[in-house]
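What follows is one structure encoded as structure tokens, with my remarks underneath.
Read the numbers this way: they start at 1 and go in the same order the structure lists the ligands and their atoms.
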Amino acid sequence: MSAIEIKDLHVNIGDKPIVKGLSLTINQGEVHAIMGPNGTGKSTLSKAIAGHPDYTITSGDVLIDGVSILDKEPDERARAGLFLAFQYPSEIPGVTIANFLRAALQARLGEGEEIDASGYYKQLYAEMDALKIDRKFTSRAVNDGFSGGEKKRCEILQMAMLKPKFALMDETDSGLDIDALRIVSEGVNHLRGPNLGILLITHYQRLLNYIVPDYVHVMYDGRIVKSGDKSLALELEAKGYDWVKKELAAV
Ligand code: ADP
Ligand code: MG
């Protein structure tokens, strides 16, 4: 079985420590949720793992199937099976969704191999239908002028097409109204299975009513301070993040 292991990870932005010794292992097939207040380093964690150049890993390691990915470029990390769904997806004017996804899939193939165009469109339309994305969107530029909900559905569409082993989903619920939340969650639940490990980052418990995690972790000040099952999310919702702060202060 495949696993992603985050080992005592420390991440700086400039010279400011943000992630301060975080360890977590996700096996393929598992859904882990990280919950935490704003500013606690959740996005920093996911971007550092994906290889964003603004985030400096000062110590610790991230391994996929026992091999460190930290010396790999972001595209190599993607080929190793990693996918990041952004909290704030970028707009890519001039590049259509169809061409973008095709290029991303093509980049995975060996030299001389070509994507089968008819098979590609068949798969693309099937995934778009499942996510209730209008087929007209294939010829629109990636995220260009999309609503918040459309951007998040586009992220899930990328995930559906690229079929990663591990997906880091950073506040996929932010900016979604209740209908879009349901559609996006259905999309994720549809992709959920023995070949996919998911790290679901969220500020609110609400998302976890739709995508029920196997494990819940509370992140505070750059570390995981509490772990449990899905009931921890409900406890957190009821008691608020102050509860965790008070518990920590008491130790
Ligand atoms: P979260 O996703 O949990 O809300 P972030 O990882 O976005 O937290 O941010 C953690 C801390 O890092 C915050 O104090 C934030 O202000 C700071 N930070 C995030 N991005 C940058 C950046 N590009 N430059 C400087 N500081 C940043
Ligand atoms: Mg964030």
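Within a 6.0 Å radius of NZ in K239, more than 12 heavy atoms belonging to other residues, nucleotides or ligands are found. More than 12 heavy atoms of other residues, nucleotides or ligands lie within 6.0 Å of CG in D116, so this atom counts as buried by the packing criterion. In the displayed structure, F83 atom CZ is contacted under 6.0 Å by more than 12 heavy atoms of other residues, nucleotides or ligands. Around the NZ atom of K246, the shell of radius 6.0 Å holds no more than 12 heavy atoms that belong to other residues, nucleotides or ligands. Heavy-atom contacts from other residues, nucleotides or ligands closer than 6.0 Å to NZ of K165 number more than 12.
Inside a 4.0 Å radius of atom 22 (C) of ligand 1 there is at least one protein heavy atom. Shown here, atom 16 (O) of ligand 1 is out of close reach of the protein: none of its heavy atoms lies under 4.0 Å off.
Under a 4.0 Å heavy-atom criterion, M219 is not in contact with ligand 1. For T40, the heavy-atom gap to ligand 1 drops under 4.0 angstrom. Distances shorter than 4.0 angstrom do not occur between any heavy atom of G14 and any atom of ligand 1.
The distance criterion of under 3.5 Å between nitrogen or oxygen atoms is not met by E171 with respect to ligand 1. For G41, a nitrogen or oxygen atom sits less than 3.5 Å from a nitrogen or oxygen atom of ligand 1, counting backbone and side chain alike. Not one N or O of Q87 is nearer than 3.5 Å to an N or O of ligand 1, by distance alone. Between I13 and ligand 1, not a single N/O pair is under 3.5 Å apart.
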Using the ring pair (Phe, Tyr, Trp, His ring centres under 6.0 Å) rule, take F166 and H32 through it: C-alpha gap first, then chi angles, then the decisive distance, then the call.
CA-CA 11 Å; F166 300 102; H32 291 245; over 10 Å; no
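By the 4.0 Å N-to-carboxylate-O rule, E155 lies too far from K151 to be salt-bridged with it.
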